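Every value quoted in this text rests on a predicted model; they were computed, and no experiment measured them. In the text below, chain A, chain B and the rest are named by the order of the sequence lines, each starting its count at 1.
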Protein chains: 2
Amino acid sequence: MCDHAAVKRMKRAELARRAGCNLETIRYYEKAGLLPEPPRTQSGYRSYDATHERRLKFVLRARALGFSLDEVRALLRLVDERDQPCAEARDLAGAHLKDVQSKIADLKRMERVLKEMVAQCADGTTPECPLIEALFRANGKS
Amino acid sequence: MCDHAAVKRMKRAELARRAGCNLETIRYYEKAGLLPEPPRTQSGYRSYDATHERRLKFVLRARALGFSLDEVRALLRLVDERDQPCAEARDLAGAHLKDVQSKIADLKRMERVLKEMVAQCADGTTPECPLIEALFRANGKS
DNA sequence: CTTGAGTCTGTAGGGACTACAGACCCTAGA
DNA sequence: TCTAGGGTCTGTAGTCCCTACAGACTCAAG
């Protein structure tokens, strides 16, 4: 039990910096149960190591891919109880993929309409602002 | 000042139904200054007409196109003070179009990664779950 | 006249953070 | 050794865009 290979310890600010997130996000994730409560120094400061960093980065990456906190929780459960998680993880990711695809479809519809509106405005031939008129007219029906 | 061509009056529920939004959304928009406070009946009920409906639908359409409430407020200002709004409206819509396009780009990146992850999981040849491993590994760098 | 539905108000809740106030603690320089 | 500044701690309030609720009122039908 000698400790000559002591792991590197860091405080919250350094962890945030290394993971590239806001300081307070870490505390929030701890309260939300996504990250474990870290050990404390004698004076009560949080003390993190590489395992905390790894887990935080996992959460941030999943969030960046658009998983909700609940979905991240589910993924972390699979991480923590590694039995045969592959099918379940694939289903989670598959469901989320569908979400993402339908969001893309929605945004593309918006994009098309906005482009038309901007284009109509650009030629400036109509007396009224066609963009605003377009918003007053119904999308497809009265 | 005869009133034989009286406009149709309606209460909040009917307006919500006709505009296709939640009952409470109307009250919220009024408090937020997007819709005018409507006249009241003697007993204090809100009383709307076609102009309210038109304006509410405008707001809902702009929201459906992803404009924030602040952006909708700006558009409504252009509606209310019709001078030469076209350039300003076009700029607003153009800026918003850029937002939408960058969201689409983000989501497409997510889609690509998720597809890869699901595909890797699907062949089931690796012992560890590749999806979860992928989340532990960095997106591009360590 | 009663009953049930509609409307009124203010306020709380949601998700995912972000920011702040007021109290500690820790370190470096004078 | 003292002190000044930064960092960290806690809980709480604010953000955005609604949505839902409680408790009081009103209205129309039977």
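The side-chain hydrogen bond (donor to acceptor under 3.5 Å, both in side chains) test with A/R46 singles out one residue from A/E30, A/H52, A/E37, and that residue is A/E30.
Ranking D/dT8, C/dG10, D/dT12 by closeness to the A/R27 side chain, first place goes to D/dT12. The side chain of A/R12 sits closest to D/dT10 out of D/dT10, C/dC26, C/dT11. Comparing atom distances between the B/K31 side chain and each of D/dC17, C/dC17, C/dT11 picks out C/dT11 as nearest.
In this structure, B/C21 and A/R46 both approach DNA chain D, and ranking their closest nucleotides by distance from the 5' end singles out A/R46. Each of B/R63 and B/Y45 was assigned the nucleotide of DNA chain D with the nearest heavy atom; the assignment lying further toward the 5' end belongs to B/R63.
An OP1 or OP2 oxygen of C/dC17 is reached within less than 4.0 angstrom by a side-chain nitrogen or oxygen of A/Y29. A sub-4.0 Å separation between OP1 or OP2 of C/dC26 and a side-chain N or O of A/S43 is present. Contact annotation: A/T25 side-chain N/O to C/dT18 OP1/OP2 distance is under 4.0 Å. Listed pair A/R40 / D/dT10 meets the phosphate criterion, a side-chain N or O lying under 4.0 Å from OP1 or OP2. Between B/N22 and D/dC17 there is no side-chain N or O to OP1 or OP2 distance below 4.0 Å.
Whole-Å rounding puts the A/K11 NZ to C/dT27 P distance at 7 Å. For B/R73 and D/dC16, the CZ to C1' distance is 11 Å, given to the nearest whole Å. Protein atom CD of A/E30 is 15 Å distant from nucleotide atom C1' of D/dG11, rounded to whole Å. Computed from coordinates, the B/Y28 OH to C/dT11 C1' distance equals 14 Å when rounded to whole Å. For B/I26 and C/dT9, the CD1 to P distance is 13 Å, given to the nearest whole Å. Rounded to whole Å, the distance from CG on A/D70 to P on C/dG14 is 12 Å. One can place CD of B/Q42 at 16 Å from C1' of C/dC8, the figure rounded to the nearest angstrom. Rounded to an integer number of Å, the gap from CD of B/E24 to P of C/dG14 is 17 Å.
Between the CG atom of A/L35 and the CG atom of A/L76 there is a distance of 8.0 Å, given to the nearest 0.5 Å. In this structure, CG in B/L34 is found 9.5 Å from CZ in B/R63, a value given to the nearest 0.5 Å. Residue A/R61 holds its CZ atom at 9.5 Å from CG of A/L56, rounded to the nearest 0.5 Å.
Counting only N and O atoms by type, the side chains of B/D70 and B/S68 include no donor and acceptor under 3.5 Å apart.
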